[in-house]
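Below: one structure, written as C-alpha cells.
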Protein chains: 4
Amino acid sequence: MSRETEKEAAAHRNERRRLQILDAATECFRRRGFHAASMAEISKSAGMSVGHIYHYFENKEAIIAALVESKARELADKMDAMRQEQDLLTAMIDKVDEGLAKNSDQALAALKIEVLAEATRNARTLDTLRASDRLALDKMRENVAAVNPALGASPKTVDGRANVVAALFDGIAIRTLLNPDFDREAVLDALRLAIRSLLHAAPTP
Amino acid sequence: MSRETEKEAAAHRNERRRLQILDAATECFRRRGFHAASMAEISKSAGMSVGHIYHYFENKEAIIAALVESKARELADKMDAMRQEQDLLTAMIDKVDEGLAKNSDQALAALKIEVLAEATRNARTLDTLRASDRLALDKMRENVAAVNPALGASPKTVDGRANVVAALFDGIAIRTLLNPDFDREAVLDALRLAIRSLLHAAPTP
Amino acid sequence: MSRETEKEAAAHRNERRRLQILDAATECFRRRGFHAASMAEISKSAGMSVGHIYHYFENKEAIIAALVESKARELADKMDAMRQEQDLLTAMIDKVDEGLAKNSDQALAALKIEVLAEATRNARTLDTLRASDRLALDKMRENVAAVNPALGASPKTVDGRANVVAALFDGIAIRTLLNPDFDREAVLDALRLAIRSLLHAAPTP
Amino acid sequence: MSRETEKEAAAHRNERRRLQILDAATECFRRRGFHAASMAEISKSAGMSVGHIYHYFENKEAIIAALVESKARELADKMDAMRQEQDLLTAMIDKVDEGLAKNSDQALAALKIEVLAEATRNARTLDTLRASDRLALDKMRENVAAVNPALGASPKTVDGRANVVAALFDGIAIRTLLNPDFDREAVLDALRLAIRSLLHAAPTP
DNA sequence: GATGAATGAGGCTTCATTCAT
DNA sequence: GATGAATGAAGCCTCATTCAT
C-alpha cells in the first residue's frame, strides 16, 4: 500500500471511530441525559475502552459539541438542497410533513431537549447551537421573502414570520414529549394551515 | 395558644419552608440545571442546612416533582380564570401577549427546558408534566370549539388546532433560547396571525 | 453551653481536624512523594473518608500549600525567638547543632526535597516557599551584620554570607539523603568552622 | 558493508537513539517533574513514537535510572580530570566558580531536586545516586587530605570537611530555587571564603 | 426542629504499557 | 525497526444522603 493510501485509510478509520462514538453518545444522551450518561456507559455502548474515547474527543463536553455540530451540518445541507427547488411554496408545504416527522420522533425530540438543556449551562454548546440556528433562520427568511414578495419591504415582518414558523416546529418537539398521542394527521393539517397563513398573509398595516 | 392554633401555625410554617426551598431550587435548577445543582447549593440559597431540606423533601427528585406540581397548579388556576371571560376570542388573542412574555423570558424558558429534560428520564416528573398538560389542552380544546363552532363536529380537527396553538407557545420558549434577539413586536404579530387562522379557519374538507 | 463556647469548640475541632489531615499528609508525602501519595492513602492515614478531607482543603494542592505555610510559620517563630538572644554569635553557633539535627533527619530531609520538587512545578507552592525563605534570610542578614559590623557597609557582602550560611544547611539535607552515614560530630565541627569564618571574616577588599 | 561494521553501525545508531530519549526526558522531567512528565510527552519531545521508546527502555523508571547513571559517569570523568592538576588548592578554588555556575542554573537545579525526590521513593535510583556520590566524595577526601596534610591523621575530620564542601554546592542548588536573585559575585566570594577555611584550617583539638 | 460533619460510591480523566500492523 | 491505537487501572474530586448532637 502506498504512503498516501495508508494515510487516507487511517483518516477514514479515524472518522469511522468518531462516528461510532457519536452514535453511541447520541443513544446514551437520549436515554439518560447528558449528565447522567457516564463515559463508561458511552464507551461500552461504543464498544471500546473508556480511555480510548479520549483519543478522539478531548472531553465529554467535546462529544456533545461534535454532536451538535454534526446535526448543524446536516441541517445546512438540507437547506442548501431546498434552495434549488422550483415551486418554493409547494416545496415548503411539502416539507412540513417531513419536519413534523422529525420533530415528532420521541427519541429525537428528547435529544433535542437534552442538547438545549445542556446549552443552557454550556456556552460552547449554546454558541454552536445558535450559529446553526442562525443559518437555518437566514434561509427561512429568504424563503418567506421569496414566497411573499409583499413582505420584502419589511424585514421585521419577515423576521417575525420566519421565527414563528421555526417556533412551530420547535414546539412540535415539546408536544411530542408532553402529549405523544396527538393525532398526526390533524396536527399536520393545522400546521399547514398556520404556515400557509404565515407565508401568505399581507403585512399588518 | 390552643392546641388547634398551634397545629395550624405549624402547618403554615411548614408550608412556608417548603416554598422557600422550592424557590431556591427553582433558581438553582434554572442557573445550573437539575443534575449540576447540588443540594448544598440549594440549601445555601434557601438559607437552611442541607440536612434540614430532608425534613421537607424525601429526595432531590422529590423537589423537582413538587416544583412541577406547583407550576401545574398555577396553570390550572389561570385556565379556570380565563374560562370566565365573556368574549373568548378577544380574550385569547389578548392572552397571546402574556403567553409570549412568559415563554420569552430567558430564565423561565431555561427552566422549562430543564424540567422537560429531566422528565425525559424520570417517569414521575413526566407523569406530572403530562397530567398538567392534559388539563391545559382540555381547556384549549374547549375554547377552540367555543370560538369556532364549525369545528365542533370534528374532534380531531379541534385537537389538531389546539395542539398546534400549544406548540406555538412551547416553540417560543425554544426560540428564546436559540435566538434571543428576535423582534418582539414582529413575532407577536405573526403569532396572532397564526393563532387567528388556527381558531377561525374552516375545517379542511 | 453558650453560643459562644459552642462556636469556639467548633472552631477548635475544626482546627484539630486540619492538623490531623496535615499530619497524615506529611507522613504520606514523606513516604511516597507528593504525586504518588493518593488522597485515598492520606484519608486512610488521617482516619477519615476521602470526601471529608475536601471539607477542610479545597485541593490536594491546597494541602501541600498549607503544609508549607505551617512550616514557614514555625520557622518565623523560631527566628523571632533567636532575635532576643544576648550573645548572638554564641547563640548562632549553638544553633548549628540544632540546624544540623533538623536537616539531617532523613524523613524531614525527604519532605523538604519533596516540597521543593513540587514547588518546581507549582507556582503557589513556590511562592509560599520563597516568602518563607525571604523572611528567614532577612533575619540571617540582620544577624550577620550584627555579629560582624565591619560588613555592615557592604550589603552585598552580607547577602553573600547569609546565602552561603543558608546553603550550608540546605546542603546538609541533600547530604543526608545521599550519604546518610557521614560522621555527625566531624560534620558539626566543619559546619561550625565554615560558619564562623563566614560570620567573622573581614570583607574581601 | 561487512557484517562487523553493520553491527557497529547498529550499536551506534542504538546509542544515538538512547541519548535522544535521555535528552528529551531530561527536558521533560525538568519542566514537569518525574511523575507529571508523561511518556507521550517524552516521546513527542524525542521525535519518536511512544511504543518505540520501549525498544530502548524497559520502563519509565529505567529512563530516570539511565539518566542518573549518565550524569554519574560525567561527574566521574570530571573528577578524573581534576586529579591530574598540579596546584590542587588553586585548581579547587578555581573550580568553585564552575561549581557555582552549574548548581545555580535553575533548570539543572530543578532536575537535581527532581531526581533526588524520585530517589526518595525509588531504591534503584537512590543506589545509583549514592554510588555516584560516594565516588565524588572519595575524590574530595583525597583532595582535602592532599591540600592540608595536617588533617591526614584524622580521617573523620577529613570526612567532615569533605561533606561540608559537598553540602555547600548541594545547598547552592536549593538557594537557586528559593532565592534565584542572590548576588552571584558576593556568593562566590563567600563560597570561596568558606571553602578555603574548610580546606586550610587546622583540626580542632 | 435544625445543623453540618461525615460517608463512600461513582464520575471524569490520565497514563504507563502492550501489540497488531 | 517503528507506529500509535487500544486498554484499563487508578487518581482526584463531587455529591446525595445520613445521623449524632
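Chain A is the first sequence line, chain B the second, and so forth, proteins listed ahead of strands; every chain is numbered from 1. Just so you know, these numbers use all the heavy atoms, side chains as well, and skip hydrogens, waters and symmetry mates.
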**Request:** Return one dot-bracket line describing DNA chain E 5' to 3' (Watson-Crick or G-U wobble pairs, both distances under 3.5 Å; ( ) same strand, [ ] crossing, | another strand, . none).
**Result:** .||||||||||||||||||||
**Fill in**
Across all chains, not counting sequence neighbours, the side chain to side chain contact (heavy atoms under 4.5 Å, CB included) partners of A:Ala72 are A:Ser132
**Request:** Write down the distance between CG (D:Asn14) and C1' (F:dA2), rounded to a whole number of angstrom.
**Result:** 14 Å
**Asked** So, do D:Val115 and D:Phe29 sit near enough that their side-chain heavy atoms are less than 4.5 Å apart?
**Response** no
**Complete:** Across all chains, not counting sequence neighbours, the side chain to side chain donor-acceptor pair (under 3.5 Å) partners of C:His35 are C:Arg121
**Request:** Whole angstrom is fine here: how far is it from CD1 in D:Ile21 over to C1' in F:dG1?
**Result:** 13 Å
**Pairing residues for C:Ser38 by the side chain to side chain contact (heavy atoms under 4.5 Å, CB included) criterion, not counting sequence neighbours** = C:Ala40, C:Glu41
I'd like a table of donor-acceptor pairs (distance under 3.5 Å, sequence neighbours excluded) in which one partner is a side-chain atom from residues 61-70 of chain D, with atom names and distances.
from    : atom 1 : to       : atom 2 : distance (Å)
D:Glu61 : OE1    : D:Asn122 : ND2    : 3.4
D:Glu61 : OE2    : D:Asn122 : ND2    : 3.2

**Separation of atom CZ in C:Phe57 from atom P in E:dA5, rounded to whole Å** = 14 Å
**Asked** Starting at the 5' end of DNA chain E, which residue's closest nucleotide do you reach first, B:Ile53 or C:Tyr56?
**Response** B:Ile53
**Item:** Partner residues of A:Ala107 under the side chain to side chain contact (heavy atoms under 4.5 Å, CB included) criterion, sequence neighbours left out
**Value:** A:Arg30, A:Asp105
**Asked** According to the side-chain hydrogen bond (donor to acceptor under 3.5 Å, both in side chains) rule, which pairs have a member within residues 16-25 of chain C, sequence neighbours left out?
**Response** C:Arg17-C:Gln20
**Message:** Measure CD1/A:Ile42 against C1'/F:dG8 and give the value in whole Å, please.
**Reply:** 17 Å
**Request:** Could you tell me the separation between the CD1 atom of B:Ile64 and the P atom of F:dA16, rounded to a whole number of Å?
**Result:** 12 Å
**Distance in angstrom units between A:Met48 CE and E:dA20 P, rounded** = 19 Å
**Interatomic distance where CZ belongs to B:Arg16 and P belongs to E:dG1 [whole Å]** = 13 Å
**Request:** Remember a base hit wins even if backbone is also touched, and classify B:Arg13 as base, sugar-phosphate or nothing at under 4.0 Å, heavy atoms.
**Result:** nothing
Interface polar pairs with nucleotides 13-16 of chain E, N/O, under 3.5 angstrom:
from   : atom 1 : to      : atom 2 : distance (Å)
E:dT13 : OP1    : A:Asn59 : OD1    : 2.7
E:dT13 : OP2    : A:Tyr54 : OH     : 2.6
E:dT13 : OP2    : A:Lys60 : N      : 3.1
E:dT13 : O5'    : A:Tyr54 : OH     : 3.2
E:dA16 : OP1    : D:Ala37 : O      : 3.4
E:dA16 : OP1    : D:Lys60 : NZ     : 2.8
E:dA16 : OP2    : D:Met39 : N      : 2.6

**Request:** Figure out the NZ/P separation between A:Lys44 and E:dG10, and round it to whole Å.
**Result:** 13 Å
**Message:** I want to check one thing: is the phosphate of E:dA2, taken as OP1 and OP2, less than 4.0 Å away from some side-chain N or O of B:Arg17?
**Reply:** yes
**Item:** B:Tyr56: partners by ring pair (Phe, Tyr, Trp, His ring centres under 6.0 Å), with sequence neighbours left out
**Value:** B:His52
**Item:** Non-hydrogen side-chain atoms of A:Ile113 and B:Ile113 separated by less than 4.5 Å
**Value:** yes
